[in-house]
Amino acid sequence: MKDITIRNIRTFITAPQKVNLVVVKVETSEPELYGIGCATFTWRCKAVVTAVEEYLKPMLVGKSVHNIEDIWQSMMGSSYWRGGPVLNNALSGVDEALWDIKGKLAGMPLYSLFGGKCREGIAVYRHADGTTMDQVEDKINEYMEQGYRYIRCHLGLYGGNAGGSMQTMIHPENAPAGAYYHPKTYMQSVVKMFEQIRRDFGWDLEIMHDVHERLSPADTLNFAKELEPYKLFFLEDALPPEQAGYFKIIREQTSVPLAMGELFTSPAEWKTIVQNQWIDFMRVHVSDIGGLTPARKLAHFCEAFGVRTAFHGPNDLSPVGMAAQMHLDLSCTNFGIQEFSGFCEAEKAIFPGCPEVRNGYAYISDRPGIGIDFDEKEAAKYPYTDMDFGWLFSRLPDGTAVRP
Ligand SMILES: O=C(O)[C@@H](O)[C@H](O)[C@H](O)CO
Ligand SMILES: [Mg+2]
């Protein structure tokens, strides 16, 4: 096998939807051969760029592109204190680009290298939200008309209080600004929302809801029980990662299917809940755990315990990251569902070969590797943008900060 080495590693920030995306391009000793990967940690994107350019690039230039596992392990070990979303995203950018290169060298789309298709299309779910029930139901209708059958339903923002009972939110004097919510009002409003959705849309529609780590363990348990009659496809991120041990109690007391993990960054966080079968769906953000190399291992680990995948797919994930994980969606037998947030026209121009969705199923390009390209000139039209952190400052009525 001809040795091919890493000639250069470049990073890009582009914000076609006013959300900073980070893309890594690995160029090789073969003039036309390169790979691209997703390193998007939107809220700390400049730190990721520094990690790639100042730390990974100097240690990787000149290394063979062939040994992805060894490169991944070396990158992970090279900081001694390892992991976390900044460093994992830096690894992911390089890792996915190396898989892209491997696919191009093999002349195969990655799903084929990973063992081939388990299904022809990837079922996706969409997010329907609004501040009134009419708005939520209009969105559900719109998605259903487009052929979607899985819809995550939300009244108000995360922890939103819209439409709930009249729990007055009284703050102490001098309470700081923030995204205030009232857990009880929130829970009541969601239960009422699903009651109405089942009445108006029947029982064929698959529905889910994202708690977004906003409830205490005891509240979550009550909430899950109250949602049982509405037959959710899953309840998402019911607890923050730090409280994941409490899934044992939820699992033992309710029948609601549980999805967890968009904030996970390390096997230490998922090992116990998977091997004890406390959850049903694993929904990590693939670049936040370090890319395709660890995601393949995680998916196979989950398979052994009957846990299905539901990888994170928000708009703070680049199309290359979405396409990369869709190769796993196609080739893992324990695929469950894929979150999908749509692509805007600018994204499609920057990333030629974006996955396409028809009738609620996503299809990826059959070209070798990840099958998606990156147009640097188009990307440069949408430079780094300052983003609003406001929605992350969640507070309880008395002003206490809630860490999602
Ligand atoms: O599951 C989701 O899509 C959300 O939890 C988003 O990831 C979050 O709002 C940040 O993008
Ligand atoms: Mg979520």
Side-chain angles (χ1 to χ4, degrees), residues 15-22 38-45 48 85-86 88-89 92 123-130 136 139 143 148 150-160 179 181 186 190 206-215 220 223-224 227 232-241 243-244 247 256-265 269-270 279-289 308-319 321-322 325-326 329 336-344 347 357 362 385 387-394 402-404:
Q17 290 197 62
K18 301 256 175 263
V19 174
N20 295 307
L21 306 175
V22 186
C38 182
T40 302
F41 176 13
T42 203
W43 305 106
R44 293 293 183 273
C45 59
V48 176
V86 171
N88 283 353
N89 268 283
S92 167
V124 299
Y125 75 82
R126 298 300 307 248
H127 180 83
D129 62 358
V136 175
K139 269 208 183 159
Y143 285 137
Y148 293 103
Y150 297 81
I151 301 180
R152 194 174 66 188
C153 307
H154 273 263
L155 192 53
L157 295 171
Y158 290 120
Y181 71 105
Y186 157 61
V190 174
E206 294 283 10
I207 51 177
M208 40 268 261
H209 180 75
D210 189 359
V211 178
H212 214 266
E213 313 98 3
R214 289 292 194 283
L215 295 175
T220 293
F223 186 50
L227 291 174
L232 267 61
F233 185 74
F234 61 56
L235 185 64
E236 176 172 325
D237 289 330
L239 293 167
Q243 302 303 335
F247 276 112
V256 172
L258 300 165
M260 175 63 187
E262 72 182 47
L263 291 181
F264 283 166
T265 56
E269 293 169 304
W270 61 68
I279 62 163
D280 303 279
F281 294 90
M282 175 56 69
R283 48 177 287 89
V284 296
H285 189 108
V286 167
S287 69
D288 273 300
I289 69 166
R308 289 185 277 168
T309 64
F311 293 133
H312 196 212
N315 63 2
D316 48 322
L317 167 73
S318 74
M322 178 60 88
Q325 69 193 14
M326 282 181 167
D329 294 343
I337 189 81
Q338 174 62 61
E339 178 184 10
F340 182 67
S341 308
F343 301 124
C344 67
E347 274 176 311
V357 176
T385 181
M387 288 169 62
D388 177 14
F389 288 75
W391 71 282
L392 291 166
F393 299 118
S394 263
V402 177
R403 189 179 55 185

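Whatever order the structure lists ligands and atoms in, that order sets their numbers, starting from 1.
Listed as neighbours of ligand 1 are R152, Y158, D210, H212, E236, E262, R283, H312, P314, D316, E339, W391, each bearing a heavy atom under 4.0 Å from the ligand.
Applying side-chain hydrogen bond (donor to acceptor under 3.5 Å, both in side chains) to E236 and the options R152, H212, H209 leaves one that passes, R152. Checked against Y125 for a ring pair (Phe, Tyr, Trp, His ring centres under 6.0 Å), the options F234, F340, F311 give a single hit: F234.
Applying the side chain to side chain donor-acceptor pair (under 3.5 Å) criterion to D280, with sequence neighbours excluded, gives R251. In terms of the ring pair (Phe, Tyr, Trp, His ring centres under 6.0 Å) criterion, residue partners of F233 (sequence neighbours excluded) are, by chain and number, Y150, F281.
The minimum heavy-atom distance linking H285 with E262 is given by the pair CB-O, 3.9 Å.
For the pair N88 (side chain) and T265 (backbone), a donor-acceptor distance under 3.5 Å is present. Within the 3.5 Å criterion, the main-chain N or O of G261 finds a donor-acceptor partner in the side chain of D237. Side-chain N or O atoms of Y186 include none that pairs as donor or acceptor with a backbone N or O of R214 at under 3.5 Å. Counting only distance, with no hydrogens or angles, the side chain of Q243 and the backbone of P240 share no donor-acceptor pair below 3.5 Å.
Counting only protein atoms, the N, O or S atoms lying less than 2.8 Å from the Mg ion (ligand 2) are D210 OD2, E236 OE2, E262 OE1, ordered by chain and residue number.
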